[in-house]
S.K.: 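Quick one: this structure, given as structure tokens, is what I'll be asking you about.
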Amino acid sequence: MTTQTYDWLSYAARIGECTSADTLAGIDHELFGRKAGLLTIALKELGTLPAEERRRKAVELNEAKRTLSEAIALRHKTLGNPSGEQLKSEDGIDSSMELPPLSPGHLHLIPEFIRNVEEVFGRMGFDVMTGPEIETEDLNFNLLNIPPEHPARDAQDTFWIQQPATSNQKFVLRTHTSPVQIRYMQSHTPPFRAIFPGKVYRKDADATHSPMFHQFEGLMIGKDINLANMKAVMITAIRELIDKTAEFRFRTGYFPFVEPGLEVDMRWQGEESESREGKWLEIVGCGLVHPNVLKNCNIDADQWQGFAFGFGIERMIMIKHRIPDLRSFYEGDLRFLKQF
Ligand code: DAH
């Protein structure tokens, strides 16, 4: 079967000469009508042609389709809308003018990752809570077993906020999400399991540190929650959030609010020379919640025990997507953001 041949270009001329919106709508229908449009039919019949001819004809028809639909749209604009209504308002704004197409956006890598974290931990039965970014000294430090003279404060002794005259508390931009553990324990009765994602602030700035970054904290308290449960949760989270074959290692670490404390490092998955911190990056601190912390939240440490952890979100994403410089997350460069 051969398709009928039309002189498509003559339609372009007719469109250009069109003086009424009705005639234009008629030509539009003649060409593109859903059932009987000439181009619609010709395109449908392509499938019945022998391969060689089909290829040649497809190029010709698609070209005609593009040229003619553009010509119709253009003529449409010059003629005004089909009802003939004047769309230019008195102040000269043409509300019928076509705008350039919008390209749909998507979530930034970080909130997208946090949603994924909530989903993965949600499946393991974890609740989600968030806390304020301006925290009291008590919640950020003291109740977490970090008293003022403790050396562990040094690394996090950062953005203090002027103390309001009416308050006996000092305020700080929270240096970790750990204070949300305290807030959660003070407002819930064990057993429980929950995660706390959000922004935190420190004074470092280089390729692997930023003055603002994201963490998610986790907490699981019960009658007999132990280190083995903690490792199982950590390993599941890393495999689900980064990838099934991710390489990581546990080593001992010190944090005043846990005993014992552990750190988990992940292996950089790209070229080693691209990583600014060598082949292992620390991504999480964790351990069994210190009895003093439980006591500070009025939880009986003889009856209840469990673990806590704090993941660095940017670092996990850096490993997942082999992003060598953490600053790329915040530069707002679309060439970077559109890749994900
Ligand atoms: N808050 C720690 C930090 O920012 C991370 C951390 C370590 C959180 C051990 C924990 C934990 O909950 O148990 O460096």
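First listed ligand is number 1; within each ligand, the first listed atom is number 1.
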S.K.: If you count the atoms of ligand 1 from 1 in the order shown, which ones are under 4.0 Å from a heavy atom of S178?
M.R.: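 It comes down to these atoms of ligand 1: 1 (N), 8 (C).
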S.K.: Taking the six-membered ring for Trp and the single ring otherwise, decide whether the centroids of F121 and F216 are under 6.0 Å apart.
M.R.: yes
S.K.: Which of the numbered atoms in ligand 1 are under 4.0 angstrom from any heavy atom belonging to G285?
M.R.: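 Counting atoms of ligand 1 from 1, those under 4.0 Å from G285 are 6 (C), 7 (C), 8 (C), 9 (C), 10 (C), 11 (C).
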S.K.: Using the ring of each side chain (for Trp, its six-membered ring), is H188 parallel, tilted or perpendicular to F192, with breaks at 30° and 60°?
M.R.: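 Rings of H188 and F192: perpendicular, as their planes differ by over 60°.
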S.K.: Is E52 atom CD crowded by more than 12 heavy atoms from other residues, nucleotides or ligands, each under 6.0 Å away?
M.R.: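 Incorrect, the count does not exceed 12.
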S.K.: Tell me whether the count of non-hydrogen atoms from other residues, nucleotides or ligands lying under 6.0 Å of NE2 in H150 goes above 12.
M.R.: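 Count over threshold, so yes.
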S.K.: Do any nitrogen or oxygen atoms of T175 come within less than 3.5 Å of a nitrogen or oxygen of ligand 1?
M.R.: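 No.
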S.K.: Taking the six-membered ring for Trp, is the centroid-to-centroid distance between F257 and F309 below 6.0 Å?
M.R.: no
S.K.: Calculate, to the nearest 0.5 Å, the distance between atoms CZ and CD1 belonging to F196 and I182 respectively.
M.R.: 10.0 Å
S.K.: Run the numbers for me: atoms of ligand 1, each under 4.0 Å from some heavy atom of Q181, listed by number.
M.R.: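 Close to Q181: 12 (O).
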S.K.: Heavy-atom contact under 4.0 Å between Q215 and ligand 1?
M.R.: yes
S.K.: Does an N or O anywhere in F309 fall below 3.5 Å from an N or O of ligand 1?
M.R.: yes
S.K.: Please state which protein non-hydrogen atom is closest to atom 14 (O) of ligand 1 and give its distance, to 0.1 Å?
M.R.: R202 NH2, 3.6 Å
S.K.: What are the atoms of ligand 1, with element, lying closer than 4.0 Å to any heavy atom of G287?
M.R.: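 Selected atoms, number and element: 13 (O).
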S.K.: Does K203 make a cation-pi contact with F159 (under 6.0 Å, within 45 degrees of the axis)?
M.R.: no
S.K.: Does the structure place the NZ or CZ of R153 under 6.0 Å from the centre of the six-membered ring of F141, at an angle of no more than 45° from the ring's axis?
M.R.: yes
S.K.: Work out whether the distance between some heavy atom of E259 and some atom of ligand 1 is less than 4.0 Å.
M.R.: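 Not so, E259 does not reach ligand 1.
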S.K.: Can you report which non-hydrogen protein atom sits closest to atom 12 (O) of ligand 1, along with the distance?
M.R.: E217 OE2, 2.6 Å
S.K.: For atom 11 (C) of ligand 1, which of F196, F311, F255, F257 has the closest heavy atom?
M.R.: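 Going through F196, F311, F255, F257 one by one, F257 has the nearest heavy atom to atom 11 (C) of ligand 1.
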S.K.: Any atoms of ligand 1 less than 4.0 Å from a non-hydrogen atom of V258? List them with their elements.
M.R.: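 Counting from 1, the qualifying ligand atoms are 13 (O).
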